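A quick write-up on the structure given underneath.
Values below: every heavy atom of this structure, side chains too, minus hydrogens, waters and symmetry copies. Letters A, B, ... mirror the listed sequences (proteins, then strands); counts begin at 1. This one's a predicted model, so the numbers in the text were calculated from it and none came from an experiment.
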Protein chains: 2
Amino acid sequence: MDVFLPFAEDDLRFMQSFKTGEMQAEPGTQLFIEGAKSAHLFTVLSGMGVRYKTLENGRRQVIGFVLPGDLVGLQAGVMGEMRHSVEATTAMRLCVFNRSRLFELYQNQPDRAFDLTFLAAVEEHFLGDALTTVGQRGAIEKIAWSLHRFYTRSQAVGLAKGLRCPLPYRQQDLADALGLSLVHTNKTLRRLKDLGLAEWSNNVLQINDLEGLAELGLVEITEAVPRPLI
Amino acid sequence: MDVFLPFAEDDLRFMQSFKTGEMQAEPGTQLFIEGAKSAHLFTVLSGMGVRYKTLENGRRQVIGFVLPGDLVGLQAGVMGEMRHSVEATTAMRLCVFNRSRLFELYQNQPDRAFDLTFLAAVEEHFLGDALTTVGQRGAIEKIAWSLHRFYTRSQAVGLAKGLRCPLPYRQQDLADALGLSLVHTNKTLRRLKDLGLAEWSNNVLQINDLEGLAELGLVEITEAVPRPLI
DNA sequence: CGTTATTTTGATTTCTTTCAATCGGTGTGG
DNA sequence: CCACACCGATTGAAAGAAATCAAAATAACG
């Protein structure tokens, strides 16, 4: 299911020149590798992925899940290189932009430039939320929070159908995102299912009690963050 | 100890008009309150603070420590409101900017605007690191990592004297930053001291073995991030 | 259908938190 | 100068949460 991006008419010509092309990524493809320089940034048209960091001791922290509409690689765009990796979980279709043109954009499209900063700020906000969850919530709260959040995001980009949305990750991915062990994640997931709150199988997340999930996950009542413009 | 900001000659006039004034904040002052709108952004000239989020259940996650040279409030600047609070820990001297002028800056100073995005990206990178630490490292690694990082940052802004630097926080603040209990933080700090790695008392951090600290904290060998330009 | 990857369980160990006090400074008022 | 209140640091003991270990059950796949 594709997402259509709200380009303003005026910007279309410039953006099209900024856009280098489209790209297809198969599952498992490394879009970015931590520490590597990259000449491109991407906007996700369809498919899903993960951002993550790897530690010297082999452990992995999933920084976030990548959904359609997301911009990936801004860090590489402005800092020269990525400080985390990004991998395609499912097949993905990407809109490719040229890093070298980024500064042009700042000179010719101040409002687009502003949008980029905005996106970075939103990303920062999301990371703050994640940090808070990982740092301060217990296992069941973490899982509840993450499922609630994922469903809400899916809904925002039109991927949810009723109370169901695709969730094409492995439990290990969720565990690595929340700082839990696989086993404990599994058991907690089961507990959530037994409580009649949510159920995840066959890459599909089924919400049974959104209210209860939000309550358990101590989800903040946050008005929807405006959609990214690029 | 003040930090001098590297304004380019050319930009001086504009930046000065952008700058609204200076401000003094006493310890305990709330610079920003989560969810509140704000008309200003600040650059820290001197003093230290904390960024944090508060949960419904009363727990607190410290998102980061604010040092001289830092820009705070960018989120409010571009998103309209802050998603976390910022509090002065010591007395602080701040350079105040006007939020309403922010968009002007994007139109007249593309390179300054780029710097802002850059800063946001750096912030995102730091948060990713913190998330990784909180999610994947054990207590002693967390503490080692955080002390190492704090010392390194202090050094970068010229606050360190030899192997010592000011660390005017409470153990509770560190605990809340790392997702540990106060008690455990205390015990772990002691362990670190017994290992001859680092010692923290009277608001001063004394590093005894930077190497060992880095090793234990699994600190990545990351080249210094270029200093912010604003 | 055999092989591999992911999910699920149970038992056990390790790490953290919680609870309950004590200790040490600091500031105040007498 | 001392009694008293207060706050942060420190300890010990006990309870609790999550990780690790080991293995079985399922699902996915060529």
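If you measure from atom CZ of A:R191 to atom P of D:dG16, you get 14 Å, rounded to the nearest angstrom. Atom NZ of B:K187 and atom P of D:dG12 are 8 Å apart (whole Å). Rounded to an integer number of Å, the gap from CG of B:L167 to C1' of D:dG8 is 14 Å. If you take CG of B:N203 and C1' of D:dC7, they are 13 Å apart, rounded to a whole angstrom. Rounded to an integer number of Å, the gap from CG of A:L189 to P of C:dT9 is 11 Å.
The stretch residues 168-184 of chain A comes close to DNA chain D through A:G179, A:L180, A:S181, A:V183, A:H184, each having a heavy atom under 4.0 Å from the strand. For residues 133-143 of chain A, proximity to DNA chain D is found at A:G138, A:A139, defined as any non-hydrogen atom under 4.0 angstrom from a strand atom.
Using a 4.5 Å heavy-atom cutoff, the side chains of B:T43 and B:L71 are in contact. The shortest side-chain heavy-atom distance between B:L31 and B:L94 falls under the 4.5 Å cut-off. In this structure, the side chains of A:H84 and A:Q61 stay at 4.5 Å or more apart for every pair of heavy atoms.
Here the straight-line distance linking atom CZ of A:R59 with atom NZ of A:K53 works out to 15.5 Å at 0.5 Å rounding. Separating the CG atom in A:L167 from the CZ atom in A:F150 is a distance of 5.0 Å, to the nearest 0.5 Å. Rounded to the nearest 0.5 angstrom, B:N208 CG and B:L195 CG are separated by 11.0 Å. Between the CD atom of B:E141 and the CG atom of B:L192 there is a distance of 11.0 Å, given to the nearest 0.5 Å.
Considering only side-chain N and O atoms, A:N186 lies under 4.0 angstrom from the phosphate OP1 or OP2 of C:dT8.
Here the rule is side-chain hydrogen bond (donor to acceptor under 3.5 Å, both in side chains) with B:N186, and of B:Q172, B:Q171, B:R191 only B:Q171 fits it.
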Reading 5' to 3' through nucleotides 24-30 of chain D, protein heavy-atom contacts under 4.0 Å coded B for base, S for sugar-phosphate only, - for none | ----S--

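Residue pairs that meet the side-chain hydrogen bond (donor to acceptor under 3.5 Å, both in side chains) test with at least one member in residues 26-35 of chain A, sequence neighbours left out, are A:Q30-A:Y52, A:Q30-A:E87. Within the structure, the salt bridge (charged side-chain N to carboxylate O under 4.0 Å, His left out) test picks out the following pairs touching residues 142-156 of chain A (sequence neighbours left out): A:D70-A:R153.
Not counting sequence neighbours, the partners of A:D173 by the side chain to side chain contact (heavy atoms under 4.5 Å, CB included) test are A:R60, A:F65, A:Y169, A:R170.
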